[in-house]
Amino acid sequence: MADNPADADLIELGTKTPLGPYLKEMWDRREFAIVVPANDIRAQNMDTFLGQLWHLLNPLMLIGVYYIIFGVVLKTSRGVENFLGFLVVGILIFQLSQRAIQEAAASIRRNESLIRSIQFPRSLLPVSAVTGQTIAFIPSLVVLLSFVLITGERPTLRWFLLPVILLGQALFGVGASFIIARIGFAVTDIQQILPHLFRLLFYMSGVIFSVEVFITNTTMQNLFALNPMYDIITAARWALMGLPLPVACVVGLVLWALLLPIAGLLFFRAREHRYGA
Amino acid sequence: MSARPAVIADEVNVIYRVYEDSKPGIKQMFSKGRTHRKFRSIHAVKGVSFRLDEGESLGIIGSNGSGKSTLLMALTGLLPTESGKIKVRSRPTLLAVSAALRPGLSGRRNIIIGGLAMGMSKREIDEKLDEICAFAELEDFIDLPMRTYSSGMRARLSFAIATAHQPEILLIDEALAVGDAHFKEKSAERINKIRSQAGAVILVSHDTAEIARSCDRALWIEKGELRADGPTDEVVALYRAATHPKG
């Protein structure tokens with residue numbers, strides 16, 4: 001069949017959508033990335049006796065476990081005035097990123113049948129994992145703020161910066177999710193490695209001890225600022241509890257939040273046509 | 001003046017690479033990963049060309065394993081082709097919304113999820129929600145979890161969601177085989193409506209009666225090759241003559 005000028009406006013299938021129209025399609029389908037994960041979270045605890053209450057009970061139990069081990073038994077609390085508040089902010093903020101990224105790693109495989117039946121920008125799947133976990137974080141946020149208040153902190157104007165910090169965390173999460181999702185599609189074994197990586201990251205992010213107190217070498221402290229989780233947690237503690245915030249952490253957080261989503265999307269899109277195959 | 005084309009397929013070839021699920025030998029048992037598993041290429045669609053104009057409905061018939069469903073998948077753009085070109089006026093919609101639906105959630109929530117997956121906006125779905133319920137005949141069950149639905153009810157719901165936003169090019173794979181006679185009739189009507197609004201419909205089935213009911217043109221695919229292309233009754237007659245020589 002010769003090319004007919006009347007067919008010029010047809011789309012050829014199997015060709016890569018240029019970045020501009022791709023981003024527009026993502027934007028057009030933004031409701032998908034919010035409504036669907038919100039419903040999935042709702043469905044999660046539907047069959048349990050306590051139902052949606054688990055979204056509050058789970059973070060409480062988690063805090064209990066960590067407080068017993070690190071606050072009471074191991075006493076990593078040295079040098080921190082309000083250790084319970086310090087611990088709660090660290091654990092819950094860390095858990096948000098961990099869950100979002102782990103969900104994203106499985107998102108392509110888990111939605112294989114959807115990918116095989118409907119055409120849409122696949123990047124919405126890791127994005128949905130992040131939005132879903134951010135929505136699921138709302139009860140944890142209530143727990144977090146309650147603990148911070150109960151343990152004696154008082155609201156300041158800095159509290160209003162928490163949403164900005166959480167936005168930075170979400171942006172970093174989306175970027176990391178793109179990268180992990182592509183790797184997770186190619187090598188499912190990453191699911192086995194991720195929990196260990198997160199455990200390592202957990203101890204490297206000052207979740208359960210104060211990095212400033214335990215690590216006195218300034219160069220080492222600055223190296224910690226390369227760790228995005230440490231930056232986010234330190235910023236959140238600064239906003240809510242008035243703890244010190246090194247400039248390196250602010251720079252680190254801004255760079256991770258701005259650069260990783262762009263790099264991640266490019267990395268993810270390069271294999272987009274293979275997902276589901 | 002001739003009609004505007006909706007789909008042009010030009011020498012389309014699809015090759016599947018599938019891993020053989022054979023019992024692993026001693027060597028495979030001790031080596032990790034799938035690198036040692038044998039794989040085989042299956043040439044499922046061999047050089048198929050056709051052109052479909054707006055307002056046409058095309059049936060694709062063929063025996064099981066003839067490659068007709070694979071061709072349909074290639075037309076969605078979801079399955080990469082080995083060679084050849086497929087050009088479309090707009091991205092075809094495959095009637096397969098069920099993958100997006102969540103069995104644990106109510107029919108109502110699933111209409112929203114399915115609609116969003118099909119690319120509708122939340123507002124558009126809210127406007128059409130009652131119409132979708134009515135078409136699927138699920139008004140009394142719409143707030144029950146979808147896992148309590150019968151297979152016919154699920155099929156009706158999927159069909160109602162997928163066709164709610166008037167796709168320009170609709171692809172259907174045996175979907176109408178479920179549902180009772182009354183619903184089949186309704187589905188055929190809706191397909192005609194999509195066609196009359198300058199849409200194009202492609203229906204894959206081995207049920208020639210169904211093709212005859214909904215399509216005015218048919219393709220017959222056998223062993224991945226195009227055997228006939230023409231008015232439905234002629235192609236169906238050829239297909240019947242070949243598959244039931246004495247009948």
Side-chain angles (χ1 to χ4, degrees), chain A residues 1-17 21 24-48 110-122 124-125 128 186-189 271-277, chain B residues 1-2 4-12 16-17 32-33 49-51 73-81 84-106 109-110 112-125 145 162 171 173:
Chain A
M1 251 179 270
D3 275 357
N4 187 324
D7 309 337
D9 53 340
L10 298 184
I11 316 162
E12 190 177 336
L13 292 180
T15 50
K16 204 170 150 186
T17 320
K24 187 187 174 294
E25 210 185 334
M26 276 182 82
W27 178 249
D28 288 344
R29 286 174 174 263
R30 63 192 179 278
E31 287 169 316
F32 175 86
I34 297 168
V35 176
V36 176
N39 275 294
D40 283 343
I41 283 153
R42 217 190 125 76
Q44 252 169 31
N45 291 324
M46 218 129 84
D47 292 329
T48 57
R110 193 175 294 160
N111 290 290
E112 207 159 50
S113 58
L114 187 63
I115 290 173
R116 282 182 185 160
S117 51
I118 298 173
Q119 186 70 51
F120 63 95
R122 308 311 188 202
L124 284 175
L125 293 171
S128 297
V187 194
T188 24
D189 308 50
R271 296 291 289 171
E272 174 129 7
H273 58 290
R274 299 298 309 160
Y275 303 145
Chain B
M1 200 191 112
S2 63
R4 295 202 309 166
V7 178
I8 296 175
D10 188 7
E11 287 288 320
V12 173
Y16 273 120
R17 286 184 181 79
K32 203 174 161 281
S49 301
F50 67 91
R51 171 188 161 138
M73 285 304 288
L75 292 173
T76 62
L78 298 167
L79 187 68
T81 54
K85 275 184 187 170
I86 301 171
K87 289 185 179 178
V88 293
R89 186 152 300 280
S90 68
R91 279 205 177 278
T93 301
L94 180 67
L95 183 67
V97 71
S98 47
L101 305 184
R102 307 292 200 260
L105 295 171
S106 69
R109 285 180 182 275
N110 271 304
I112 296 169
I113 291 175
L116 288 172
M118 301 301 290
M120 293 163 83
S121 70
K122 182 80 170 47
R123 220 189 63 201
E124 207 180 331
I125 299 164
L171 310 177
D173 192 354

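On a predicted model such as this, the values are computed, not experimentally measured, just so you know. So that the names make sense, note that chain A is the first sequence line, chain B the second, and so on, each numbered from 1. Hydrogens, waters and symmetry mates play no part in the numbers below; they use all other heavy atoms, side chains included.
Scanning both residues, B/Leu116 and A/Arg29, for their nearest heavy atoms gives O-NH1, 3.5 Å. What you find for A/Arg116 and B/Leu94 is that their closest heavy atoms are O-CD2, 4.4 Å. The two residues A/Ser117 and B/Ala99 have their closest heavy-atom pair at OG-CB, 3.5 Å. The nearest pair of heavy atoms linking B/Ile8 to A/Leu10 is CD1-CD1, 3.7 Å. Residues A/Glu12 and B/Lys85 share a closest heavy-atom pair of OE2-CG, 3.2 Å.
For B/Leu75, the part lying near chain A is the backbone, with the side chain staying farther off; criterion is any non-hydrogen pair under 4.5 Å. For B/Arg91, the parts lying under 4.5 angstrom from a heavy atom of chain A are both the backbone and the side chain. With a 4.5 Å cut-off on non-hydrogen atoms, B/Thr93 does not touch chain A at all. Residue contact with chain B, scored on non-hydrogen atoms closer than 4.5 Å, involves the backbone and the side chain of A/Phe32 alike. Of the two parts of B/Met118, the backbone and the side chain both hold a non-hydrogen atom closer than 4.5 Å to a non-hydrogen atom of chain A. Neither the backbone nor the side chain of B/Thr81 comes within contact range of chain A, judged by heavy atoms closer than 4.5 Å.
Heavy-atom pairs under 4.5 Å with chain A peak, among B/Ala100, B/Ala6, B/Ala117, at B/Ala117. Annotation: maximal heavy-atom pairing with chain A below 4.5 Å, among B/Ile86, B/Val88, B/Leu79, occurs at B/Val88. Of the listed residues (B/Ala74, B/Pro145, B/Gly119), the greatest number of heavy-atom pairs within a distance under 4.5 Å of chain A belongs to B/Gly119.
Between A/Asn39 atom CG and B/Ile112 atom CD1 the span is 7.0 Å, to the nearest 0.5 Å. Taken from CG in B/Leu78 to CD1 in A/Ile118, the straight-line distance is 9.0 Å, to the nearest 0.5 Å.
Looking at heavy atoms from C-beta onward, A/Asp40 lies in side-chain contact with B/Arg102 at the 4.5 angstrom threshold. A 4.5 Å side-chain heavy-atom check between A/Ile11 and B/Arg89 finds every atom pair outside the cut-off.
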